[in-house]
Amino acid sequence: MIELPFRLSSTPMPYPNLPQVACLLSVTFAAMTFIPDAEAQPAGFNYDEAEVPAYTLPDPLVDLAGKPVTDAAAWQHHRRAEVLRLFEDHVFGRTPTADVAVRFELLESDDQAYDGRATRKQVRAHFAARGHEVAMDILIYLPNGVDGHSPLFVGLNFNGNHTVTHDPAVPVNQNWIRGGDHRSTEADRGTSAKRWAIEAALERGYGMATIYCGDLDPDFDDGFQNGIHPMFYRDGQTQPDANEWGTIGAWAWGLSRAMDYFENDAAVNHEQVALLGHSRLGKSSLWGGASDERFAIVISNNSGCGGAALARRHFGETVERINTSFPHWFNDAHQAYNENEAAMPVDQHMLIALMAPRPVYIASATIDVWADPRGEFLSGKHAEPVYALFGKIGLAVDDQPVADHPVGDHIGYHLRTGKHNVTDYDWEQYLNFADRHFGRK
Ligand code: GCU
């Protein structure tokens with residue numbers, strides 16, 4: 001058992017009132033044909049490229065004092081912290097300071113998983129603070145027969161670790177789940193297995209790890225009485241302050257605790273951990289990768305609004321809509337930008353830029369218009385100047401590629417034919433991207 005008691009803190013960083021740092025970024029549009037899909041296109045929102053308003057993005061390379069940021073050191077030591085703080089204060093919320101005891105317990109390990117091709121480990125992270133205890137289960141498969149320690153993909157899952165595999169050794173999660181009577185049963189085993197290319201990853205020498213997001217914070221708006229938030233309340237505090245974290249912040253915090261574990265497991269190459277997430281969990285992988293630079297690659301699969309898609313485009317899901325349907329994902333301060341995106345001191349290209357110089361991958365799907373595929377591409381495009389400071393090439397193309405043509409150097413991108421989902425095709429691109437950046441090919 002590995003014990004890691006440590007103090008988790010976030011240091012407040014003052015910054016001046018926002019100056020006018022916006023610069024006009026011109027964009028070119030190629031016409032795109034969308035296949036109508038009622039589920040993917042809730043009525044009453046804009047899906048017409050011609051209706052995208054003119055917009056001005058904040059410039060990642062002008063600091064809050066209005067000074068240009070001209071080299072990698074200035075980004076890394078000064079501007080990056082400003083941008084991160086803007087996302088904390090206006091979007092995802094600050095992680096409060098608290099003394100949280102963290103203890104990892106190896107629940108079981110078996111080197112005969114997947115017909116002897118993998119070693120399965122199930123590790124429980126115990127968190128305790130202020131009379132609250134929360135447990136987070138990390139399911140890990142590592143390839144057998146490889147020398148040294150394995151690179152790893154890690155991501156949160158939507159419905160419990162038992163849903164990502166048919167492996168009967170993974171217990172059915174007992175926590176609240178979305179849908180039905182909010183309890184999972186044996187019948188749910190493997191129901192998300194198609195979204196997790198565990199065997200393909202193992203075959204290529206990668207481990208795969210996953211955590212049920214609801215272990216950290218159940219995905220509903222309960223005023224933050226459950227999950228990890230109460231562990232962080234001050235005396236008398238009953239819910240996060242307006243600038244403090246919501247559910248996505250809590251999910252990202254859990255991913256960082258998983259990384260603490262990986263750093264202490266010699267079978268994992270903790271310098272080659274790729275963080276991946278789909279949809280709301282793709283928003284979380286971006287925020288997790290922005291706030292924790294130990295993740296070597298960050299992957300956003302169909303993350304859309306609040307993830308990779310530029311908010312100012314007003315295409316598909318809007319800030320107002322997401323704040324209304326899912327008010328618990330962001331901090332309360334984010335509500336100020338409902339139908340008011342232009343006032344945001346950030347847009348999502350700056351979230352992508354927070355990954356620099358690490359490789360980041362953005363994936364879209366043709367029918368997933370709710371997530372604004374073009375807006376996802378463009379946030380990668382507008383993050384390129386930050387990568388350039390490090391001498392890194394981003395997407396390496398000017399225009400959004402046609403479907404099923406992956407592009408990119410340090411910013412990977414593809415538009416998959418099909419709907420909002422994670423498929424074998426997506427995984428193949430992520431494995432290729434990781435191979436390239438981890439020097440495996
Ligand atoms: C909804 C939501 C999206 C989110 C998605 C998901 O569609 O509006 O923002 O990405 O759910 O997480 O599946």
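Read the numbers this way: they start at 1 and go in the same order the structure lists the ligands and their atoms. In what follows, every heavy atom counts, from backbone to side chain, and hydrogens, waters and symmetry copies are set aside.
Residue H278 has no N or O atom closer than 3.5 Å to an N or O atom of ligand 1. Note: no N/O pair closer than 3.5 Å links W329 and ligand 1 by distance alone.
The nearest heavy-atom contact from the protein to atom 7 (O) of ligand 1 is W370 NE1, 3.3 Å. Here the protein heavy atom with the shortest distance to atom 11 (O) of ligand 1 is R280 NH2, 3.0 Å. Looking only at heavy atoms of the protein, atom 13 (O) of ligand 1 is closest to S279 OG, 2.8 Å.
Taking a cutoff of 4.0 Å between a charged side-chain nitrogen and a carboxylate oxygen, R204 and E199 do not qualify as a salt bridge. Look at R79 and E82 and you find a salt bridge, because one of the NZ, NE, NH1 or NH2 atoms lies within 4.0 Å of a carboxylate O, short of that distance.
Remark: H229 NE2 to Q239 CD distance equals 10.5 Å, nearest 0.5 Å.
At a 4.0 Å heavy-atom cut-off, ligand 1 does not touch L281 at all. For E317, every heavy-atom contact with ligand 1 shorter than 4.0 Å involves the side chain, none the backbone.
Annotation: salt bridge (Lys or Arg N to Asp or Glu O under 4.0 Å) contacts of K121 (sequence neighbours excluded): D265. In this structure, the side-chain contact (heavy atoms from CB on, under 4.5 Å) partners of A197, at least two apart in sequence or on a different chain, are A200, D424, W427.
Against a heavy-atom cut-off of under 4.0 Å, F326 is close to the following atoms of ligand 1: 1 (C), 2 (C), 8 (O). Residue contact check: H420 has heavy atoms under 4.0 Å from atoms 13 (O) of ligand 1. For ligand 1 and I322, the ligand atoms under 4.0 Å from any heavy atom of the residue are 9 (O).
Looking at Y206, F438, Y361 one by one, the single match for ring pair (Phe, Tyr, Trp, His ring centres under 6.0 Å) with F433 turns out to be Y361.
Ring-plane geometry between W253 and W245 is classed as perpendicular, the angle between the planes exceeding 60 degrees on a 0 to 90 degree scale with a lower cut at 30.
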